[in-house]
Amino acid sequence: SAKDMKHRLGFLLQKSDSCDYSSSQGKKEKISSSQRLSQEEVRKWADSLENLIHHDRGLAAFRAFLKSEYSEENIEFWVSCEEYKKTKSPAKLSPKARKIYDEFISVQATKEVNLDSCTREKTSHNMLEPTLSCFDEAQRKIFTLMEKDSYRRFLKSPYYLDLVSPPGAGCRPENCKRNHTHSLDCNSNIISQCA
């Protein structure tokens, strides 16, 4: 359920020493300081969708949020395209491209993404001779769609707000130094929690 995912995400983040955040799970995961996620890193996710999805834990949080909205196909498609672009062997391009196309773009796709007919046709045409860039336009469109829609909702959701300022964190002004000139859709929520 969405609540379980949110709880698991909260557990991924180990609070810095300045804020006390206890997990309701009996056993605490041992995480080295290099794996700890600072509140500063979490706040950077609000700067851009790129910052969010290029961070492993940010991507996991965003994916869980999209799953709760039943729209995870968008981020799954984006991630598949990123993996596809790393393909070294020309012989593997065609089968990998076909798999992505069948899963996300074709009319019978199990996880069909929302593309305009022009982009869909162009991508279908690219399938005749797949290259590393054959999904670029479709990937760009889906990124823009997420950026304008679900990313903005994510920043206002408990998935993000609970990570940037977990409940019971005892946030005090000295622990939550905010740059008030930088405005976010969710700034008022974060600032009111830290006031």
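Note that the coordinates shown come from a computational prediction; the quantities given were computed from them, not determined experimentally.
- Take E147 and apply the side chain to side chain contact (heavy atoms under 4.5 Å, CB included) test, not counting sequence neighbours, and it matches L49, F143.
- Rounding to the nearest 0.5 angstrom, the gap separating the CZ atom in F62 from the CG atom in L66 is 4.0 Å.
- Y84 is linked by a side-chain hydrogen bond (donor to acceptor under 3.5 Å, both in side chains) to nothing, counting only residues two or more places apart in sequence or in another chain.
- Every residue was checked against the salt bridge (charged side-chain N to carboxylate O under 4.0 Å, His left out) condition with D56, not counting sequence neighbours, and none meets it.
- Every side chain to side chain contact (heavy atoms under 4.5 Å, CB included) that S48 has, sequence neighbours left out, goes to E50, N51.
- Annotation: salt bridge (charged side-chain N to carboxylate O under 4.0 Å, His left out) contacts of E121 (sequence neighbours excluded): none.
- Nearest approach of C134 to N126, heavy atoms of both residues: O-ND2, 2.9 Å.
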Could you go through the side-chain hydrogen bond (donor to acceptor under 3.5 Å, both in side chains) check for T119 and D116 one step at a time? CA-CA 6 Å; T119 307; D116 58 272; 2.8 Å; yes
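- Counting only residues at least two apart or in different chains, ring pair (Phe, Tyr, Trp, His ring centres under 6.0 Å) contacts with residues 113-132 are absent.
- Scored by the side chain to side chain contact (heavy atoms under 4.5 Å, CB included) test, Q108 finds S106 as partners (sequence neighbours excluded).
- The two residues L132 and D136 make their nearest non-hydrogen contact at O-OD1, 4.1 Å.
- The side-chain hydrogen bond (donor to acceptor under 3.5 Å, both in side chains) test applied to R140 returns no partner, not counting sequence neighbours.
- Put simply, CD1 on I100 and CZ on F135 are 4.5 Å apart, with the number rounded to the nearest 0.5 Å.
- For T131, the side-chain hydrogen bond (donor to acceptor under 3.5 Å, both in side chains) test picks out S133, with sequence neighbours left out.
- Pairs engaging residues 88-98 under the salt bridge (charged side-chain N to carboxylate O under 4.0 Å, His left out) rule: R98-D102 [sequence neighbours left out].
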Kindly indicate, with the supporting measurements, whether the criterion salt bridge (charged side-chain N to carboxylate O under 4.0 Å, His left out) is fulfilled by E41 and K44. CA-CA 5 Å; E41 284 177 294; K44 283 180 186 172; over 6 Å; no
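- The main-chain N or O of E72 is never found under 3.5 Å from a side-chain atom of R63 such that the two would form a donor-acceptor pair.
- Counting heavy-atom neighbours within 6.0 Å of D149 CG, excluding the residue itself, gives a total above 12.
- Residues P130 and L93 approach most closely at O-CD1, 3.9 Å, considering heavy atoms.
- Going from atom OG of S94 over to atom CE of M127 covers 8.0 Å, rounded to the nearest 0.5 Å.
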Identify each donor-acceptor pair in which a side-chain atom of residues 73-81 lies under 3.5 Å from a protein atom, sequence neighbours left out, and give them as a table.
unit_1, atom_1, unit_2, atom_2, d
E76, OE1, K111, NZ, 2.7
S80, OG, E76, O, 2.9

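- The heavy-atom pair separating K141 from L115 by the smallest distance is CB-CD2, 4.0 Å.
- The heavy-atom pair separating W45 from A61 by the smallest distance is CZ3-CB, 4.3 Å.
- Judged as a side-chain hydrogen bond (donor to acceptor under 3.5 Å, both in side chains), and not counting sequence neighbours, the contacts of S124 are Y101.
- Contact of the I105 side chain with the R120 side chain is registered, since non-hydrogen atoms from C-beta on lie closer than 4.5 Å.
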What's the verdict on side-chain contact (heavy atoms from CB on, under 4.5 Å) for R153 and F65, showing C-alpha distance, side-chain angles and the deciding distance? CA-CA 9 Å; R153 285 196 312 278; F65 168 73; 3.8 Å; yes
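- Residue Q139 holds its CD atom at 11.0 Å from OG1 of T123, rounded to the nearest 0.5 Å.
- Y160 and A46 make their closest contact through OH-CB, 3.4 Å (heavy atoms, listed as atom of the first residue, atom of the second, distance).
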